[in-house]
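Worksheet for the structure shown next.
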Protein chains: 2
Amino acid sequence: MSPRLSTTGYAVLGMLALRPATPYELTQQMQRSLDYCWPTSERSLYDQPERLVAAGLATLVDDGGADGRRRYAVTPAGLAALRAWLADASAMPRFQNEPLLRVLYGDLGTVEDLHRVIDDVRVHVADRRERGAAQMAPYLEGAGLFQERAHIVVLVADLVNRILEALDDWAEQAQQITAAWESTQGVGLTDDLRQVLERMLEAARGRERPPGP
Amino acid sequence: MSPRLSTTGYAVLGMLALRPATPYELTQQMQRSLDYCWPTSERSLYDQPERLVAAGLATLVDDGGADGRRRYAVTPAGLAALRAWLADASAMPRFQNEPLLRVLYGDLGTVEDLHRVIDDVRVHVADRRERGAAQMAPYLEGAGLFQERAHIVVLVADLVNRILEALDDWAEQAQQITAAWESTQGVGLTDDLRQVLERMLEAARGRERPPGP
DNA sequence: CTCAGTATACTGCAATCCGCACTACTGCAA
DNA sequence: TTGCAGTAGTGCGGATTGCAGTATACTGAG
């Protein structure tokens, strides 16, 4: 019946289920929460509510006159659609890691380029973590923005933080390893890289099956 | 001059810079490498080479007759464009984490839904790690597919692996924490969640400035 | 008072990307 | 010779993106 909602559609539907909102408020909320698990352009958030209305999953609860400021809320059908979505299979996380792409082709550029990309990762991560901490700190005192959902919010924030930690740890190690490189080409499997590779393969093997016959 | 290449455009340009390829070969390579840092649909990979040719960054080195099988290679201008791209600023990594979105709205569904999403993450991650290990193991014996680029490949694989590890560790902890939940709503800040939150905030604080005056 | 400058809250548009269905060819096996 | 699976694509409609542009409100200098 409904022409298959996109994941972004469900993301918006979910936000409206938490509380009715105007498109602009959706863009604000996106920066606070959605951006950590499902980044989208602001542009598309302005279009989503209308599409949800067309599918019968949301309604206009306040057309704010001629000057816009339209507020939308979920319908019972919308809630049902959300619950159905939550019940079906999820996709593998997709990581659009542009800095890593630059590292992957790093041997086509200079060592300075490579160093800068890695440094930038740490800067980006530090910024994100700082903003994340500022958002999460109030929850300890019972004063979070969605305190009644604290259990969910903490779980989500924890994964985001773990991934940022992984990025930062990697970047720190990459800084140390690449500091010695004189060129981006022909470095070969140096001792430190061999260690990294061995640890990686060992960890992967460890997960397969506990003992083995 | 050229109408600004997309990141996917540079990703393809980079693959062609490593070795000339047919569009189909690009889709194969994507599954092996690009998918870990810059996932795209196969469909768009078929279109990219033509676009690069139009921009003067690639050329057809073998139009395989009427039956397709066209092979493309970078031009000197293409290599220059790649180097210029490597020299300019990178964007923050973007994580499209659909399972996490489902957790974020988990309080609108059942506990079973929530458990399943978290379990699925571990399954997805195990699968990825296994494939990654199979690809990386040959590099230890000097028999990797791009052995002469081993230093780069190991660095990239290490970040991918660290992120997968973070996902799995998080999921394992989330399994334990949510195992006790009888409903997805009104759980509140239980002791285990409070500990997670405290560790998170402490870690973030630790990064800000080493000692303090 | 007014006028430039800035912030907020959008809208339009062209380019790009995506999923899906569909085609065409090859081997090979009943 | 027909059916089926695998390989290598193409076409198309709709979704998404970045960017430029608009409208309105406030703010403080002259």
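Below, chain A is the first sequence line, B the second, and so on; all start at residue 1.
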Main-chain N/O of A/L104 paired with B/R149 side-chain donor or acceptor, under 3.5 Å: yes
Comparing B/P23 with B/R94, nearest DNA chain D nucleotide closer to 5' gives the residue B/P23
How long is the gap from NE2 on A/H115 to CD on A/E112, to the nearest 0.5 Å? 6.5 Å
Quick test of your reading of the model: are B/R102 and B/E98 salt-bridged, counting only N-O distances below 4.0 Å? yes
Where A/D63 and A/R70 come nearest, the two heavy atoms and their spacing: CA-CG, 4.1 Å
Applying a 3.5 angstrom cut-off to the pairing atoms, does DNA chain C sit in any stems of at least three consecutive Watson-Crick or G-U pairs? List them by first number. C:1-30 with D:1-30
Expected output is a numbered-order residue list: members of residues 8-19 of chain B with a heavy atom under 4.0 Å from any atom of DNA chain C. What is it? B/T8
Side-chain N or O of A/S6 less than 4.0 angstrom from OP1 or OP2 on D/dT16? yes
For A/F95, all residues meeting ring-ring contact (aromatic ring centres under 6.0 Å, His included), sequence neighbours excluded: B/F95
Of all residues at least two apart in sequence or in a different chain, which pass the ring-ring contact (aromatic ring centres under 6.0 Å, His included) check with A/W85? A/Y10
Supply the atom-to-atom distance A/L86 CG to B/T184 OG1, rounded to the nearest 0.5 angstrom. 9.0 Å
Does B/D168 come within less than 4.0 Å of B/R122, counting only side-chain N to carboxylate O? yes
Rounded to the nearest angstrom, tell me the gap between atom CD in A/Q28 and atom P in C/dT8. 8 Å
Only pairs at least two apart or in different chains count here, so list each salt bridge (charged side-chain N to carboxylate O under 4.0 Å, His left out) that has a residue in residues 28-49 of chain B. B/D35-B/R128, B/R43-B/D47
Can you measure A/Q96 atom CD to C/dC17 atom P for me and round it to whole angstrom units? 11 Å
If you take any heavy atom closer than 4.0 Å to DNA chain C, which residues from residues 30-54 of chain A end up in contact? A/R43, A/Y46
Please evaluate residues A/E25 and A/M15 with respect to the criterion side-chain contact (heavy atoms from CB on, under 4.5 Å), reporting the C-alpha separation (whole Å), side-chain torsions for both, the decisive distance (0.1 Å), and the verdict. CA-CA 10 Å; A/E25 284 168 356; A/M15 286 205 279; over 6 Å; no
